[in-house]
Every structure is written in C-alpha cells, then in structure tokens.
Amino acid sequence: QVRLVESGGGLVQAGGSLRLSCTASGLTFRRYTLGWFRQAPGKEREFVAAIKWSDYTYYGDSMEGRFTISRDNAKNMVFLQMDSAKHEDTAVYCCAAATAMSGNSRDYDYWGQGTQVTVSS
C-alpha cells in the first residue's frame with residue numbers, strides 16, 4: 001500500500017521560512033516524480049513544484065525563487081522549503097507521486113493527506 005505522509009506544517013510569520021517534509025512508502029521511490037500542490041480555502045488546487053529522481057526540478061508559475069524542492073532518495077523523502085512567506089501562501093500543502101514529470105494534478109497517482117500552513121500577517 002502506497003502512503004505519502006506530510007509533516008512540518010504550522011504557523012509562520014510573514015517573511016519567515018518553513019520546511020515541509022513528505023515520507024513515502026510502498027512504492028519504488030526512485031521511479032517516481034514527487035510533487036507538491038497546495039489548496040487554499042475557496043481556491044483551486046495549485047501546483048508548487050516537482051522533482052524527478054535525478055533532481056531535475058520544475059516549478060509552478062511564480063513559485064521558483066521562494067520555494068525550493070529537494071528529495072532524499074535514500075530516505076524516501078521529499079522536501080519543500082518556503083522562504084519569505086506571504087499571507088497568500090496559506091493553504092493545505094500536499095505531496096503527490098507521479099510516473100512522469102508534470103504540473104498537472106491529474107497526472108499524479110498517489111496523494112498524501114496534506115499539512116496546513118498558515119502565514120500570519
């Protein structure tokens with residue numbers, strides 16, 4: 001059974017930093033692209049970033065620069081570093097796994113439950 005479990009969410013002040021983690025199990029980690037998506041209340045799900053096993057990365061519009069995605073293939077983990085946090089970054093952040101690089105949520109086969117990030121003004 002494939003599981004993706006996020007951690008590291010919480011409350012952060014505007015301008016601060018936060019690092020999210022996602023631990024995967026039940027899949028051959030190196031074969032998957034891992035991505036991060038977010039969804040704010042009343043808004044559509046939004047692509048943040050994705051990373052292949054080779055460390056090739058792909059960022060959503062306006063995401064590169066403040067968000068950095070990385071992965072540790074030995075530990076089956078993917079990370080999302082958020083810097084210079086803004087109020088509009090407040091959302092539930094989910095990690096997901098796909099067999100190919102994509103920014104489209106429909107291409108992702110497995111999803112975590114998500115972790116809440118709240119940025120205070």
Side-chain angles (χ1 to χ4, degrees):
Q1 181 180 2
V2 176
R3 290 192 68 201
L4 300 174
V5 180
E6 302 92 341
S7 61
L11 181 66
V12 59
Q13 289 188 336
S17 297
L18 200 65
R19 189 193 196 206
L20 305 180
S21 301
C22 174
T23 303
S25 60
L27 53 71
T28 305
F29 192 71
R30 67 181 183 277
R31 294 182 180 177
Y32 283 84
T33 289
L34 275 295
W36 286 96
F37 292 80
R38 69 183 185 183
Q39 188 165 20
K43 295 188 177 182
E44 293 185 354
R45 182 180 289 167
E46 184 177 26
F47 171 67
V48 179
I51 185 168
K52 294 184 68 172
W53 67 271
S54 60
D55 287 339
Y56 174 81
T57 58
Y58 174 45
Y59 289 88
D61 293 341
S62 303
M63 300 297 179
E64 192 165 14
R66 294 195 305 114
F67 291 91
T68 303
I69 191 170
S70 60
R71 63 191 285 168
D72 185 334
N73 291 328
K75 296 182 178 179
N76 283 15
M77 296 184 73
V78 61
F79 308 97
L80 184 69
Q81 176 73 32
M82 177 173 64
D83 298 313
S84 303
K86 300 179 180 180
H87 179 68
E88 50 263 42
D89 294 327
T90 296
V92 175
Y93 285 73
C94 292
C95 69
T99 54
M101 174 63 79
S102 176
N104 190 329
S105 62
R106 290 175 292 183
D107 293 328
Y108 285 77
D109 301 310
Y110 305 106
W111 291 83
Q113 291 297 312
T115 186
Q116 175 70 46
V117 172
T118 302
V119 182
S120 62
S121 301

When rounded to the nearest 0.5 angstrom, what distance separates [atom1] in [X] from [atom2] in [Y]?
{"X": "Lys43", "Y": "Thr90", "atom1": "NZ", "atom2": "OG1", "result": "9.5 Å"}
{"X": "Ser25", "Y": "Arg3", "atom1": "OG", "atom2": "CZ", "result": "6.0 Å"}
{"X": "Asp83", "Y": "Arg19", "atom1": "CG", "atom2": "CZ", "result": "11.5 Å"}
{"X": "Lys86", "Y": "Ser121", "atom1": "NZ", "atom2": "OG", "result": "12.5 Å"}
{"X": "Asn76", "Y": "Arg30", "atom1": "CG", "atom2": "CZ", "result": "10.0 Å"}
{"X": "Gln39", "Y": "Arg45", "atom1": "CD", "atom2": "CZ", "result": "6.0 Å"}

Apart from [X] itself, what residues make up its hydrophobic cluster when side-chain heavy atoms of I, L, V, M, F, W and Y under 4.5 Å apart count as a link, directly or indirectly?
{"X": "Tyr110", "answer": "Val2, Leu4, Val12, Leu18, Leu20, Leu27, Phe29, Tyr32, Leu34, Trp36, Val48, Ile51, Tyr59, Met63, Phe67, Ile69, Val78, Leu80, Met82, Tyr93, Val117, Val119"}
{"X": "Tyr58", "answer": "Phe37, Phe47, Tyr56, Met101, Tyr108, Trp111"}
{"X": "Met77", "answer": "Phe79"}

Practice item. Just grab all the salt bridge (charged side-chain N to carboxylate O under 4.0 Å, His left out) pairs involving residues 94-115, residues at least two apart or on different chains. Key: none
Exercise for review: Sorted by first residue and then second, give each salt bridge (charged side-chain N to carboxylate O under 4.0 Å, His left out) pair with at least one member in residues 57-72; sequence neighbours left out.
Suggested key: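 Sorted result for residues 57-72: Arg66-Asp89.
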Return yes if some donor-acceptor pair links the side-chain N/O of [X] with the main-chain N/O of [Y] below 3.5 Å, else return no.
{"X": "Ser102", "Y": "Asn104", "result": "yes"}
{"X": "Glu6", "Y": "Gly114", "result": "yes"}
{"X": "Gln1", "Y": "Gly26", "result": "no"}

Practice item. Check Ala40 against Ala91 and note the closest heavy-atom contact, atom names and distance. Key: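 The answer is N-CB, 3.8 Å.
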Practice item. State, to 0.1 Å, how close Thr33 and Ala100 come at their nearest heavy-atom pair, and which atoms those are. Key: OG1-C, 3.5 Å
Review point. Just wondering, more than 12 heavy atoms not from Gln116 lying within 6.0 Å of its CD?
Key: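 Correct, the count exceeds 12.
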Review point. Is the number of heavy atoms from other residues, nucleotides or ligands under 6.0 Å of Glu88 CD greater than 12?
Key: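 More than 12 heavy atoms, drawn from other residues, nucleotides or ligands, come within 6.0 Å of this atom.
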Check your understanding: Who pairs with Cys94 by disulfide bond (SG atoms under 2.5 Å apart), at least two apart in sequence or on another chain?
Key ->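 Cys94: no disulfide bond (SG atoms under 2.5 Å apart) contacts found.
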